[in-house]
Student: 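Next up is a structure, given as structure tokens.
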Amino acid sequence: MREKLDHDIKCCMVDVIKAALPKFQRKHGYFDLLGFDFMVTNENKLVLLEVNTNPALSLDNSTLAKMLPPLIDGTVDLVLRTQGPERIDVANGSIDQTLDDEILNSLPDGFCQIYNERTKF
């Protein structure tokens, strides 16, 4: 049950990301942290409520206080490793892609890749 729900959530997130790709700023040093709000019905049906481009990051309760700091730390770590100065090919100003596999094999705890722009999945 939990595995199916996780799979459905990831599939829905991928659909949203694919639909929004043309709207994302594609500049070195930019990243988006999206907040996806889901609801599960009494019949165990997943419903996407909204996607926030500026999600609240307040630590109002113990669940958020436990969840958000590792999320923010992991996100900043991942952004710096994928977009840091060592990734710039000075000769042509492009991003060096050679570290991608290494980065994907060492994602922060609790993180997983759900979409790859190069493979479109």
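Bear in mind the structure is a predicted one, so any value in this text is a computation, not a measurement.
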Student: Rounded to the nearest 0.5 Å, what's the gap from CZ on F38 to SG on C12? Could you check?
Tutor: 4.0 Å
Student: Could you go step by step and tell me if Y115 and L21 meet the side-chain contact (heavy atoms from CB on, under 4.5 Å) rule?
Tutor: CA-CA 11 Å; Y115 181 74; L21 273 176; 3.4 Å; yes
Student: Roughly how far, to the nearest 0.5 Å, is the CG atom of L48 from the CG atom of D15?
Tutor: 10.0 Å
Student: Is it the case that the side chain of E43 and the backbone of K45 share a donor-acceptor pair, with hydrogens and angles ignored and the cut-off at 3.5 Å?
Tutor: no
Student: For the residue pair M39 and L46, establish whether any side-chain heavy-atom pair is separated by less than 4.5 Å.
Tutor: no
Student: Under 3.5 Å, is there a donor-acceptor pair between the side chain of R81 and the main chain of S106?
Tutor: yes
Student: Can you spot which of V51, D32, I114 makes a side-chain contact (heavy atoms from CB on, under 4.5 Å) with I17?
Tutor: I114
Student: Going through the checks in order, is the side-chain contact (heavy atoms from CB on, under 4.5 Å) test met by V47 and T41?
Tutor: CA-CA 7 Å; V47 177; T41 68; 3.8 Å; yes
Student: Give me the atom names and distance for the closest heavy-atom approach of L78 to P108.
Tutor: CD1-CD, 4.4 Å
Student: Looking only at heavy atoms, what is the nearest atom pair of L59 and A65, with distance?
Tutor: CD2-CA, 3.9 Å
Student: Between T82 and F31, is any pair of side-chain heavy atoms under 4.5 Å apart?
Tutor: no
Student: Measuring only between side-chain heavy atoms, which start at C-beta, is I72 closer than 4.5 Å to L33?
Tutor: yes
Student: Give, for atom CZ of F36 and atom CG of L49, the distance between the pair rounded to the nearest 0.5 Å.
Tutor: 12.5 Å
Student: Any salt bridge linking K10 with D6? Criterion: basic side-chain nitrogen under 4.0 Å from a carboxylate oxygen.
Tutor: no
Student: How long is the straight-line distance from CG of N61 back to CG of L68, given to the nearest 0.5 Å?
Tutor: 9.0 Å
Student: So, taking the atom named OG1 in T53 and the one named NZ in K23, what distance separates them when rounded to the nearest 0.5 Å?
Tutor: 13.0 Å
Student: Report yes if the side chains of Y30 and V79 come closer than 4.5 Å at any heavy-atom pair, otherwise no.
Tutor: no
Student: Do N52 and L34 have side chains that approach each other closer than 4.5 Å (heavy atoms only, starting at C-beta)?
Tutor: no
Student: Distance from D73 atom CG to D109 atom CG, nearest 0.5 Å?
Tutor: 11.5 Å
